[in-house]
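Contents: one structure, followed by commentary.
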Amino acid sequence: MNAPKGLRYTSEHEWIRAEGSSAVVGISDFAQTKLGDITYIEPGKSGRQVKKGDCVASVESVKAVSDVYAPVSGRISAVNARLSGEPELVNRAPYGDGWICRLDGIDAAALETLMDEEKYMAFLAREQG
Amino acid sequence: MAPDEFLSLKRTPLCGLHEKAGARMVEFGGWLMPLQYEGILAEHTATRSKVTVFDTCHMGRIFVEGEGALDFLSRTMTQELRTLRDGRCRYGFLLKEDGGILDDLIVYRFNSRRFLVVVNAGTKDKDLAWLRVHQIPDVEIEDATAALAKLDLQGPRSCDLLAGLGAPQLRDLPFFGFSESVVAGLRALVSRTGYTGEDGFEIYTDSGEAAGLWERLISSGARPAGLGCRDTLRLEAGLPLYGHELSEDITPVEAGMERYASKSEDFTGRRAVMARAASGPTVRLKGLRFLGRQSARSGNPVLFGGRTVGRVASGSFAPSLGFSVATAFIEAGTAKALRSVKIDTGRTMLDAEAADPPFYRRERKREQS
């Protein structure tokens, strides 16, 4: 189970990577393992304003459907177009090519309240224990 | 699941091997079973293109023997057993008097006095109890589920793999035929049957030998496959799953399977099945192809002409097809005319077309004579 340094994580297993006042969002390696083979991604609407905790995408695997939540408030400025044809990218590269959406106009300070990778790994250990 | 519930789950002789292989384990029919190893899609694809092996020890295996065995089974099971040849098996149902399906099963005929009945995991206890209540003289019923292990070897390379393990003659075993063989030096009962729509075999061996056989099959190139892809494979192939397409609330007529319950000899539930076929059932099972990858799930309402006409029985993404498929019970008056429908998944409305199963058919190579 890996969780790269430099990202922030939520208790719903999203990750977020800041790039100035915008950020990229995806789901963690733990989440994609738990979901199993992903067969479909329902992307959020590009341009939509979301509050922290709003649904920004739905991920469907062979066995279940799961929602992805905005780790911070912002505006969905891009969705990963590759996922409609290659949903397995989320399994294969959850932190890279399997990114889910980009949020603009975020509050950088809000990111600091999220778990860093050390805290997230500890959180996972407690969840599974 | 509560710890004591988890501990009370039954385990097959291979459970430790699955956990060692990193399988994700789930509860099924009261057993702790592998859902997947490498991943459902990879295991599904490997079954259709190469060869995989499934632990199916959770299914029930019941021997029915004695002078009265043929009469007993002929009167209680829907499939014709008197003219079934020794060394052949046949699919059918155990019905209630009212025609409701207690289970779907396969009966293996060794001879007129020895039969093996293979039933589903979650229904085995119910089936066994029913057989014992209706038992007649000169019939012995033995639950061999614990003593006899079962592994399913499935995929186009099954024959080659078994030839490599000392059983090349199994290539000539007819579909729904079975024989006692030696595979990898172990005595086994092998039938040319399966639940995937591919060529393959079900292999029965002493429980004590199961782990050894499993390891030989794996090291010969069979990929381990779990319940996850077992479900996607059987759905694509148009095979029913008890509890979804089959249940005590319906007869074989609703499920479109009355041909497996149509012998002229009397059997439990025969009159009810004939009456239902004559009067017409209130619902019929239909297949659905979705326009995309999103899937519907069991219980989702099916809408046609602006109103709900039925419910999904099974639904899943179909890896071999690239879109999702489903089965649904549709009100009988509408079933024939069904074309474009909408399914309400609770999150969204999905578009689908009526399409009768099987959704996938394997290529059958012509035998060169």
Side-chain angles (χ1 to χ4, degrees), chain A residues 1-2 12-13 27-46 48 50 53-70 76 79-94 97-98 100-101 124 126-129, chain B residues 1 3 22-28 33-47 225-236 290-300 312 314-326 343-351:
Chain A
M1 218 48 56
N2 89 85
E12 298 293 333
H13 310 291
I27 63 170
S28 69
D29 186 38
F30 173 79
Q32 71 80 12
T33 304
K34 213 157 154 238
L35 283 167
D37 290 325
I38 291 166
T39 54
Y40 180 78
I41 316 267
E42 175 79 71
K45 246 195 168 54
S46 201
R48 195 173 132 237
V50 293
D54 283 352
C55 178
V56 292
S58 287
V59 175
E60 190 170 318
S61 70
V62 183
K63 285 285 158 202
V65 186
S66 197
D67 286 330
V68 182
Y69 304 106
I76 301 176
V79 299
N80 186 348
R82 284 184 72 186
L83 297 184
S84 68
E86 302 172 77
E88 64 274 11
L89 284 175
V90 178
N91 294 118
R92 282 213 305 262
D97 287 339
I100 295 188
C101 70
L124 285 181
R126 279 196 314 274
E127 274 238 318
Q128 295 178 267
Chain B
M1 171 175 286
R24 171 117 35 105
M25 306 297 286
V26 289
E27 184 276 337
F28 185 83
M33 297 299 291
L35 175 73
Q36 62 175 63
Y37 305 77
E38 187 185 347
I40 295 176
L41 299 186
E43 293 161 33
H44 179 113
T45 305
T47 306
L227 295 183
C229 78
R230 195 166 161 80
D231 192 41
T232 51
L233 288 160
R234 69 94 195 166
L235 182 60
E236 283 184 351
F290 290 75
L291 302 193
R293 302 173 70 104
Q294 276 181 290
S295 175
R297 308 286 168 185
S298 191
N300 289 165
V312 172
S314 301
S316 176
F317 178 68
S320 297
L321 306 172
F323 49 81
S324 289
V325 296
I343 287 93
D344 184 355
T345 70
R347 291 168 158 263
T348 187
M349 298 289 267
L350 298 179
D351 292 307

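In what follows, chains carry the letters A, B, and so on, assigned in the order in which the sequence lines appear, proteins first and then strands, with residues in each chain numbered from 1.
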Stepwise side-chain contact (heavy atoms from CB on, under 4.5 Å) test for B:T47 and B:R230: CA-CA 9 Å; B:T47 306; B:R230 195 166 161 80; over 6 Å; no
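Between the side chain of A:N80 and the main chain of A:G98, no donor-acceptor pair closer than 3.5 Å is present. Between the side chain of B:S324 and the main chain of B:R293, a donor-acceptor pair closer than 3.5 Å is present. A:D29 places a side-chain N or O within donor-acceptor distance of the main-chain N or O of A:N2, the cut-off being under 3.5 Å. Checking side-chain atoms of B:E43 against main-chain N and O of B:G226 turns up a donor-acceptor pair under 3.5 Å.
In this structure, OG1 in B:T232 is found 11.0 Å from CG in B:L227, a value given to the nearest 0.5 Å. Summarising the geometry, atom OG belonging to A:S61 is positioned 8.5 Å from atom CG belonging to A:N91; distances are rounded to the nearest 0.5 Å.
Both the backbone and the side chain of A:T33 come within less than 4.5 Å of a heavy atom of chain B. Using a 4.5 Å cut-off between heavy atoms, B:S295 touches chain A through backbone and side chain atoms alike.
Below 4.5 Å, heavy atoms of chain B meet heavy atoms from A:K34, A:G36, A:D37, A:T39, A:Y40, A:E42, all part of residues 34-42 of chain A.
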